[in-house]
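Structure record follows, encoded as structure tokens.
Side chains are part of it too, since the values below use all heavy atoms of this structure and drop only hydrogens, waters and symmetry mates. The first residue of the sequence shown is numbered 1, and numbering continues consecutively from there. Because the structure is predicted, anything quoted here is derived from the model rather than measured.
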Amino acid sequence: MKIQKRLEVCVDSVESAVTAQESGADRLEVCANLVVGGTTPGVSQFKQIRRACGIELNVLVRPRSGDFLYTDAEFQMIVEDIQMFRELGADGIVAGCLKADGNLDLERMRKLRRCADSLQMTLHRAFDVCRDPYQALEEAVSLGINTILTSGQAPVCAEGKQVLKKLIAQAGGRIEILVGSGVNAEVIRQLMEEIHASSFHMSGKKIISSGMIFRNQQIHMGLPGFGEFDIFRTDKEQIQRARQTLDKIQV
């Protein structure tokens with residue numbers, strides 16, 4: 001079986017999307033607020049990225065940061081957003097719901113899979129905080145999900161490589177295991193050689209300074225430790241190095 005290599009880059013701005021495409025990304029995950037792990041992007045943001053980029057766009061549909069146990073109102077938001085982004089020209093949807101006991105919420109996931117219709121569907125890192133990843137993998141396959149984004153239930157994928165190895169073997173080509181969290185060129189090299197991973201998800205972020213000249217240092221409205229005048233952007237060189245490494249190594 002021919003193994004397909006893939007480099008997916010998560011982006012939360014039009015500027016980052018264009019940089020990622022030009023630097024060698026195969027696919028983008030479009031989101032907002034990467035600083036909190038990503039939330040659902042704005043409509044105008046997606047439209048601009050769709051116009052600017054010719055590669056596949058998967059849209060993260062996550063109404064808030066935090067856990068994946070959603071209220072009825074939050075779940076309805078997910079449903080309506082999936083319908084909207086499908087109509088706007090998304091190629092895929094990235095979503096996930098858990099029950100309070102840590103298992104996949106199969107009833108809700110079935111509804112989301114039907115709502116996504118013919119679009120590709122990725123189960124996001126709700127998978128990494130579920131009770132049993134091996135059971136969840138089989139459930140994802142049964143639901144018709146195409147991809148699982150995972151770090152191997154570890155803070156970063158290099159620490160979860162043994163679980164990732166088992167997941168890749170269990171998947172057996174039935175579902176894509178997309179390795180994420182802490183991915184860079186060196187991690188790609190390591191995991192391709194050691195566990196034969198072939199699909200990777202990264203942000204390749206760098207911090208650029210705001211163009212503001214006047215800066216009121218007395219007011220802080222953001223997250224602790226994140227400066228008011230710091231902006232995340234995709235780093236061209238990080239994506240290029242990742243692409244070169246992915247192309248160079250055989251799995």
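- Residue pairs meeting the side-chain hydrogen bond (donor to acceptor under 3.5 Å, both in side chains) criterion with at least one partner in residues 59-68, sequence neighbours excluded, are R64-D67, R64-E74.
- D12 places no side-chain N or O within donor-acceptor distance of the main-chain N or O of A32, the cut-off being under 3.5 Å.
- No donor-acceptor pair under 3.5 Å is formed between the side chain of R131 and the backbone N or O of L104.
- If you check the side chains of R189 and N184, you find no donor sitting under 3.5 Å from an acceptor.
- In summary, D26 and R243 engage in a salt bridge, as defined by a charged side-chain N under 4.0 Å from a carboxylate O.
- Evaluation of the ring-ring contact (aromatic ring centres under 6.0 Å, His included) test over residues 135-157, restricted to residues two or more places apart or in two chains, returns none.
- Between T150 and I177 there is a side-chain heavy-atom pair separated by less than 4.5 Å.
- Looking at D81, its side chain never comes within 3.5 Å of a backbone N or O of V61 through a donor-acceptor pair.
- Side-chain atoms of R174 come within 3.5 Å of backbone N or O of A171 as a donor-acceptor pair.
- With a 4.5 Å cut-off on side-chain heavy atoms, K5 and S199 do not count as touching.
- Panel note: side chain Q170, backbone Y134; a donor-acceptor pair is recorded below 3.5 Å.
- Qualifying side-chain hydrogen bond (donor to acceptor under 3.5 Å, both in side chains) partners for K205, counting only residues two or more places apart in sequence or in other chains: S203.
- Checked by atom type and distance alone, the side chain of Q45 pairs as donor or acceptor with a backbone atom of C31 at under 3.5 Å.
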Steps toward side chain to side chain contact (heavy atoms under 4.5 Å, CB included) verdict (M202, L7)
CA-CA 8 Å; M202 66 184 294; L7 180 63; 3.8 Å; yes
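- Among Q21, Q120, E8, the single residue meeting the side-chain hydrogen bond (donor to acceptor under 3.5 Å, both in side chains) criterion with R27 is E8.
- Counting heavy atoms from C-beta outward, F232 and K206 have side chains that stay 4.5 Å or more apart.
- Checking E80 against Q76 by side-chain atom types alone, a donor-acceptor pair falls below 3.5 Å.
- A cation-pi geometry, defined here as NZ or CZ lying under 6.0 Å from the six-membered ring centre and within 45° of its normal, does not hold between R6 and F200.
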Decide salt bridge (charged side-chain N to carboxylate O under 4.0 Å, His left out) for K111 and D105; before the verdict, give the C-alpha distance in whole Å, the side-chain angles of both, and the deciding distance to 0.1 Å.
CA-CA 10 Å; K111 291 180 180 178; D105 190 327; over 6 Å; no
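- Using the six-membered ring where Trp is involved, F46 and F85 have ring planes that are perpendicular, over 60° apart on the 30 and 60° scheme.
- Between the side chain of S16 and the backbone N or O of T234 there is at least one donor-acceptor pair closer than 3.5 Å.
- Although no hydrogens or angles enter the test, the distance criterion places a donor-acceptor pair under 3.5 Å between the side chain of D132 and the main chain of Q135.
- The closest side-chain heavy-atom distance from Q162 to K166 is not below 4.5 Å.
- With a 4.5 Å cut-off on side-chain heavy atoms, T122 and L149 count as touching.
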Set out, in order, the CA-CA distance, both residues' side-chain angles and the distance that settles side chain to side chain contact (heavy atoms under 4.5 Å, CB included) for L88 and V43, then state yes or no.
CA-CA 9 Å; L88 288 172; V43 173; 3.9 Å; yes
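- Taking 4.5 Å as the limit, some side-chain heavy atom of C130 sits within range of a side-chain heavy atom of Q153.
- Within 6.0 Å of the CG atom in D101, the count of heavy atoms belonging to other residues, nucleotides or ligands exceeds 12.
- Looking at D128, its side chain does come within 3.5 Å of a backbone N or O of S151 through a donor-acceptor pair.
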